[in-house]
Asks: 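Could you have a look at this structure, given as structure tokens, before my questions?
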Amino acid sequence: MPIVRDKKIEVLFSSEQLAMRNRELAEQIALGDLKDILVLSILKGSFVFAADLIRALHAAGLAPEVEFISVSSYGAGTEPGKLKLLRDVESDVRGRDILLIDDILESGNTLKFTQDLMLERGANKVAIVALLNKGMKRRAQVHADYVGFECPDKFVVGYGMDAGHAFRELPFVGVVTGEV
Ligand code: IMP
Ligand code: MG
């Protein structure tokens with residue numbers, strides 16, 4: 001079991017599994033109906049997944065443009081589902097086919113908010129790819145077109161995902177199981 005920052009980490013999805021799944025997802029996306037794709041990566045959690053997925057998309061014959069957006073939920077006690085835009089996209093999204101990328105689809109609030117925002121701005125289509133799906137926690141009406149893996153109801157870290165700003169650098173997805 002890997003030890004990082006004096007914590008034991010149980011590996012849920014290894015870097016080999018992630019690489020293989022990225023290739024499969026890219027091939028599925030290439031067979032889909034998105035044209036002239038604008039990839040939109042939701043910061044910060046999805047940046048590692050997005051970085052690997054765009055290279056898998058290239059290998060699958062696609063040439064996406066890449067954009068970033070950052071949204072966050074308000075602090076505890078405020079209305080669930082209300083999010084704030086921390087950093088906006090730079091491109092005009094009108095008429096574009098967007099591939100929205102997030103690390104985890106949990107309540108669905110983040111992806112729903114971002115998808116609605118892009119559609120309001122006149123995007124032609126907004127497909128969703130989530131690396132991990134926590135289906136048991138859904139609250140918003142949102143559908144992921146592509147899912148990497150079903151995720152157990154555990155707090156996961158690595159491959160871009162953090163716990164208190166730590167562990168984004170891990171090349172695998174894991175769960176912190178205890179102190180050394
Ligand atoms: P949603 O809006 O509830 O779907 O939240 C999804 C967001 O919560 C993801 O983009 C992650 O940033 C974060 N998140 C949810 N579960 C985890 C986890 O297990 N580890 C790290 N971040 C998580
Ligand atoms: Mg996130």
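In listed order, ligands and their atoms are each counted from 1.
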Asks: Pull out every atom of ligand 1 sitting under 4.0 Å from any heavy atom of Lys154, numbered as shown with elements.
Replies: 19 (O)
Asks: Under 4.0 Å from any heavy atom of Ser107, which atoms of ligand 1 are there?
Replies: 1 (P), 2 (O), 3 (O), 4 (O)
Asks: By number and element, which atoms of ligand 1 are closer than 4.0 Å to a non-hydrogen atom of Lys134?
Replies: 16 (N), 17 (C), 18 (C), 19 (O)
Asks: Please check this pair: side chain of Arg87 against backbone of Phe68, looking for a donor-acceptor N/O pair closer than 3.5 Å.
Replies: yes
Asks: Hey, does Phe155 come in under 3.5 Å of ligand 1, counting only N/O atoms on both sides?
Replies: no
Asks: Return the closest protein heavy atom for atom 2 (O) of ligand 1 as residue, atom name and distance.
Replies: Thr110 OG1, 2.6 Å
Asks: Can Glu67 and Ser91 be counted as having a side-chain donor-acceptor contact under 3.5 angstrom?
Replies: yes
Asks: State whether Phe167 and Arg5 meet the cation-pi test: NZ (Lys) or CZ (Arg) under 6.0 Å from the six-membered ring centroid, and within 45° of the perpendicular axis.
Replies: yes
Asks: Protein heavy atoms near atom 15 (C) of ligand 1, is at least one of them under 4.0 angstrom away?
Replies: yes
Asks: Would you mind writing out the side-chain donor-acceptor pairs for residues 152-159 within the sub-3.5 Å range, not counting sequence neighbours?
Replies:
unit_1	atom_1	unit_2	atom_2	d
Asp153	OD1	Lys137	NZ	2.9
Tyr159	OH	Asn22	ND2	3.0
Tyr159	OH	Asp52	OD2	2.6

Asks: What atoms of ligand 1 come within less than 4.0 Å of a heavy atom belonging to Asp162?
Replies: 21 (C)
Asks: Between Val157 and ligand 1, is there a nitrogen or oxygen pair with a distance under 3.5 Å?
Replies: no
Asks: Identify the closest protein heavy atom to atom 20 (N) of ligand 1: which residue and atom is it, and at what distance?
Replies: Val156 O, 2.7 Å
Asks: Which heavy-atom pair separates Leu25 from Val129 by the least distance, and what is that distance?
Replies: CD1-CG2, 4.3 Å
Asks: Compare Ile104, Asp153, Asn109, Val175 and give the one whose heavy atom is closest to atom 23 (C) of ligand 1.
Replies: Ile104
Asks: For residues 110-119, which residue pairs qualify under salt bridge (charged side-chain N to carboxylate O under 4.0 Å, His left out), counting only residues two or more places apart or in two chains?
Replies: Lys112-Asp116
Asks: Using the side-chain hydrogen bond (donor to acceptor under 3.5 Å, both in side chains) rule, take Arg138 and Asn133 through it: C-alpha gap first, then chi angles, then the decisive distance, then the call.
Replies: CA-CA 9 Å; Arg138 198 78 79 251; Asn133 180 40; 2.6 Å; yes
Asks: Identify, by atom number and element, the atoms of ligand 1 in contact range of Asp102, meaning under 4.0 Å from any of its heavy atoms.
Replies: 10 (O)
